[in-house]
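For reference, the structure is listed below as structure tokens.
Every chain is numbered from 1 and lettered A, B, ... according to where its sequence line falls, protein lines coming before strand lines.
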Amino acid sequence: MDDAVITDAALAARDGDRAAAARFVELTQQQVWRLLVHLADHGVAADLAQETYERAFGSLRRFRAEAPARTWLLAIARRVAADHLRRRARRPVDPAPIQDGDEPLTGTRPGDVAEGIALRLAVDALPPDRREAFVLTQMLGLGYAEAAVVAGCPIGTVRSRVARARADLVEALGAGAENPEAVSREP
Amino acid sequence: MSRDADRRRLGVVGNSDDPARDLTSMGTLDCAACREELSAELDGEADPARRPAVLTHLGACPACTHWREQAAVVTRLTRTAPAEAGPDLVARVLPAAPRPRRRRLAARVALVAVGVAQIVLGALSLIGVAGHGGTMLGGADMAHMSHETAAWNLALGAAFVAGAYWTRHLAGLLPALGAFIVVLGVLSGLDLAAGRVEPDRVATHAVLLLGFALALVVSRTGPARGPSPAPRALAEPEAGPEPGPATAPPAPASRDHLGPVARDRPARREAA
Ligand SMILES: [Zn+2]
């Protein structure tokens, strides 16, 4: 993902270039959607993504490319998700937290698909701060510095949140079961 | 080891301001700090200065060595997981994209000029008929009929000038103005054919037509559904984590068609 190309498209879109606006959306929409799927939930991600772009276009006039446009956009998406969660006044997404005794979903379906599902459930069960840091850096591929800008926190915080998210996932997924001792769960 | 002990060692329990930072200065790391380094290493964000301490710790701590392998597996799994494709939103969001500014600005300036021309025409016709008296027509003196016409012309001129400035009102002007132009056009054609009017008098109506066209351009190129710039959306990304409910009312759902006030905001910024 080329940040410079995205930022150029945003600047051209700011000055009324509709084709550039379309390009800006095309280049970023998968990441915006993916972030929103994990920060909010799958069912509303498309609507929230639309709201993200509408907000972004509404404030594009003031965009001065001080930060890359992608970072700027993802920060808006993050606020859209936060507003959504506040509006709905509901718990953060917490779909079927993987509990002790739950046989991992790897048993039900073989291969990558099952692993992918188990991973997604485990990611969605992370505490919100860690999930955000993990999704930004691992699924969207942002550097720690960029993720810190999007999340509005120091880089060191991103660093430790990612590490803790990893620890949670290691525990939840029981990855590398060759060493049962390290991933053992209490009865 | 017990799970609780493991969680404590991972730093899962307790605050992030852990004492591990102090330990690093002594060249040693606790498990939580070591795993944070291992995690950063997986992302290419490791601190080279801590590398020796990490290696020292790994040499003495099989649990962290194993954690590194597991974390690598999870990381690989994450990065190779097939990404579900989201919907294509281009068509849905493009109407909210900023409109070309220069063309719109030019149309607004031209609309002011047309409005002024219309006012001048109205004023001239007013002066032209001043002092005339004459035949009654349908209960009104011809002079009064001319006054009515002049009043119309002046009003439309004023509407063009005002609409060029307060662009949100332009759209409301269009239906009445359009109907007026159609009727006037038909009647002018009939009058021309019957020789009841001179062509140059009819030509002055072209100003109206031009004003209508410009008003159409200005109102059509305005922000379609002006997402009212939510205060938070305008803030710099560095502005911090999500605000408390007290400081930030939820942004209005901008999918809805917004009222004229919100629509006008970008236009006013433009005019400024
Ligand atoms: Zn250790």
Side-chain angles (χ1 to χ4, degrees), chain A residues 13-16 18 21-22 25-26 29-30 33-34 45-46 49-51 53-62 67 71-72 75-76 79 82-83 86-87 112 115-116 119 137-139 143-144 149-153 157 159-160 162-164 166-167 169-170 173 175-176 179 182 184-186, chain B residues 1-3 10-12 16 35-36 39-40 42-43 45 63 66-67 69-71 73-75 77-83 85-90 92-94 96-102 225-230 232-234 236-242 245 250-251 253-255 266 269:
Chain A
R14 181 191 69 186
D15 297 329
R18 316 279 289 166
V25 177
E26 279 164 10
Q29 61 179 348
Q30 293 303 329
W33 187 78
R34 222 169 166 204
Q50 179 173 350
E51 191 178 336
Y53 283 109
E54 285 169 354
R55 280 200 208 180
F57 284 146
S59 53
L60 196 53
R61 297 270 192 236
R62 300 194 184 177
T71 314
W72 171 81
I76 293 174
R79 281 192 290 271
D83 288 349
R86 203 157 38 232
R87 241 178 358 239
D112 293 345
E115 274 187 330
L119 176 72
T137 59
Q138 308 303 310
M139 296 183 163
Y144 286 4
V149 171
V150 173
C153 66
T157 306
R159 207 170 197 273
S160 68
V162 170
R164 286 158 190 219
R166 275 202 170 97
L169 293 175
V170 163
L173 294 171
N179 184 351
S184 68
R185 293 159 183 276
E186 284 164 0
Chain B
M1 87 195 75
S2 84
R3 188 182 178 195
L10 281 168
V12 171
S16 65
R35 290 177 188 193
E36 187 177 314
S39 165
L42 286 166
D43 296 330
E45 305 256 2
H66 185 66
W67 188 88
E69 290 161 19
Q70 292 176 304
V73 170
V74 167
T75 301
L77 191 59
T78 307
R79 291 180 186 166
T80 57
D88 185 6
L89 295 170
V90 174
R92 273 168 76 177
V93 303
L94 209 55
R99 305 280 171 158
R101 306 167 84 178
R102 247 174 250 144
R225 348 161 130 174
S228 87
R232 295 302 308 176
L234 292 176
E236 297 300 315
E238 297 89 325
E242 57 259 61
S254 31
R255 270 187 306 292
R269 272 209 300 279

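The structure places CD of Glu51(A) at 12.5 Å from CG of Leu89(B), a figure rounded to the nearest 0.5 Å. Atom CD of Gln30(A) and atom CG of Asp88(B) lie 8.0 Å apart (nearest 0.5 Å). Annotation: the span from Thr75(B) atom OG1 to Gln138(A) atom CD amounts to 5.5 Å, rounded to 0.5 Å.
At distances below 3.5 Å, not a single donor-acceptor pair connects side-chain atoms of Gln50(A) with backbone N or O atoms of Val93(B). Not one N or O on the side chain of Arg34(A) forms a donor-acceptor pair closer than 3.5 Å with the backbone of Gly86(B).
Val90(B) and Gln29(A) get closest at one heavy-atom pair: N-OE1, 3.9 Å. In this structure, Ala163(A) and Ser39(B) approach most closely via the heavy-atom pair CA-OG, 3.4 Å. Closest heavy-atom contact between Trp33(A) and Pro87(B): NE1-CD, 3.2 Å. Across all non-hydrogen atoms, the minimal contact from Leu60(A) to Pro98(B) is CD2-CG, 3.9 Å.
Under a 4.0 Å N-O distance rule, the pair Arg159(A)/Glu36(B) qualifies as a salt bridge. Salt bridge Asp43(B)/Arg166(A): present, at least one basic N to carboxylate O contact under 4.0 Å.
Among the candidates Glu26(A), Met139(A), Arg18(A), the residue making the largest number of heavy-atom pairs closer than 4.5 Å to chain B is Arg18(A).
Between Arg164(A) and Arg35(B), the closest side-chain pair of non-hydrogen atoms is not below 4.5 Å. A heavy-atom distance below 4.5 Å is not found between the side chains of Leu169(A) and Leu77(B).
Residue Ala13(A) touches chain B through its backbone alone, counting heavy-atom pairs closer than 4.5 Å.
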